[in-house]
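Encoded as structure tokens, the structure appears first; notes follow it.
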Amino acid sequence: MERIPILRMGQFLIVSIQVDMHDRLALTLQSDLATRISETGARGVLLDISSLEIVDSFIGRMISNIAGTSRVLDAETVVVGIQPAVAITLVELGLSLPGVRTALNVEKGMAMLRHATGFDGHDAAPGSTPLSESSDDSAAV
Amino acid sequence: MTVLRCEIVPVRSQQDVVAVRQSVRSLAVAQGLSLVDQTKVVTAASELARNTLDHGGGGTARLEAVIDNGRTGLRLTFEDRGPGIKDVDLALTDGFTTGNGLGLGLGGAKRLSNEFDLWSRAGEGTRVTITRWR
């Protein structure tokens, strides 16, 4: 069965959507991610959609659902790489992805996740490495 | 309005919806639409193709490259012989859904298009035509 790969990096899960998804594939990703968060205890999800040429209401709903489900499972989600034309279209469509954190690129998204969770992304013991020095640029995006 | 090119594609599966998006993209590029306008018309096509599949039980998409008084554009017609839409005004209202979506499909597709025409009759089917000019 066709699947979108979910990579683990320390406390975080990373997903990069590189295909034009049909609806079932989007639903599969949603449930796969929930399962992986639960199995790994991941604290953050980075969702890279820079290769997506459109986000329609179905994919928009998938993104909102992923963010919502992750939150319930105690993980933060950051969506990165939304193309400008996609952003313009999304808003005109009526979708502004409320409650979904976004960052311009993977680097800023990772910084945001580290800041939001207090983890540095590596296999640190829970509770360690709080980013008290995180007054850098990207945390405020 | 003159039709320069016409392509009729089936909308019978989720893969067909993806194929419609790709065909509309190529047509939009060929017609010289800007990237933002390409994105808008492909997104509108995706919403309408999904409606044809999910609510109409499948149908066809007619994708046309058109020219009118020197303006070039795309005209897309989605047609099914499904149950039809009982209340067209209600169906166009944001947030109204009979399925499990966000209820943005039809209204969103209208906002993303320059021209929008909806015909539907209970028990006969639905036909939605949108036009996006360059």
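Each chain gets a letter, A, B and so on, in the order its sequence line appears, and its residues count up from 1. We use all heavy atoms of the structure for the numbers below, so side chains are in, but hydrogens, waters and symmetry mates are not.
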Hydrophobic cluster membership, with links at side-chain heavy-atom distances under 4.5 Å among I/L/V/M/F/W/Y: are [X] and [Y] in one?
X: B:L112; Y: B:V36; answer: no
X: B:V11; Y: B:L118; answer: yes
X: A:L13; Y: A:L73; answer: yes
X: B:L4; Y: B:V66; answer: no
X: B:L74; Y: B:V9; answer: yes

Does any non-hydrogen side-chain atom of A:L93 lie less than 4.5 Å from one of B:E47?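 Yes, side chains in contact.
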Gap separating the CD atom of A:E92 from the OG1 atom of B:T43, nearest 0.5 angstrom: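 Going from CD on A:E92 over to OG1 on B:T43, the span is 10.0 Å.
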Considering only heavy atoms and a distance below 4.5 Å, find which of A:L90, A:T89, A:V86 pairs most often with chain B.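 Highest number of pairs under 4.5 Å: A:T89.
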Is it the side chain or the backbone of B:V17 that comes within 4.5 Å of chain A heavy atoms, both, or neither?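 Neither part.
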Residues 20-28 of chain A: residues contacting chain B (heavy atom under 4.5 Å, by number):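 Residues of residues 20-28 of chain A touching chain B at under 4.5 Å: A:D20, A:M21, A:H22, A:D23, A:R24.
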Residues from residues 47-56 of chain A approaching chain B under 4.5 Å (heavy atoms):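 From residues 47-56 of chain A, the residues near chain B are A:E53, A:I54, A:V55, A:D56.
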Does atom CZ (B:R111) have a neighbourhood of more than 12 heavy atoms from anything else shown, all under 6.0 Å?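 Yes.
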Minimum heavy-atom distance B:R50-A:S57, with the two atoms named: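 Answer, listing the atom of B:R50 first, then A:S57: NH1-OG, 4.4 Å.
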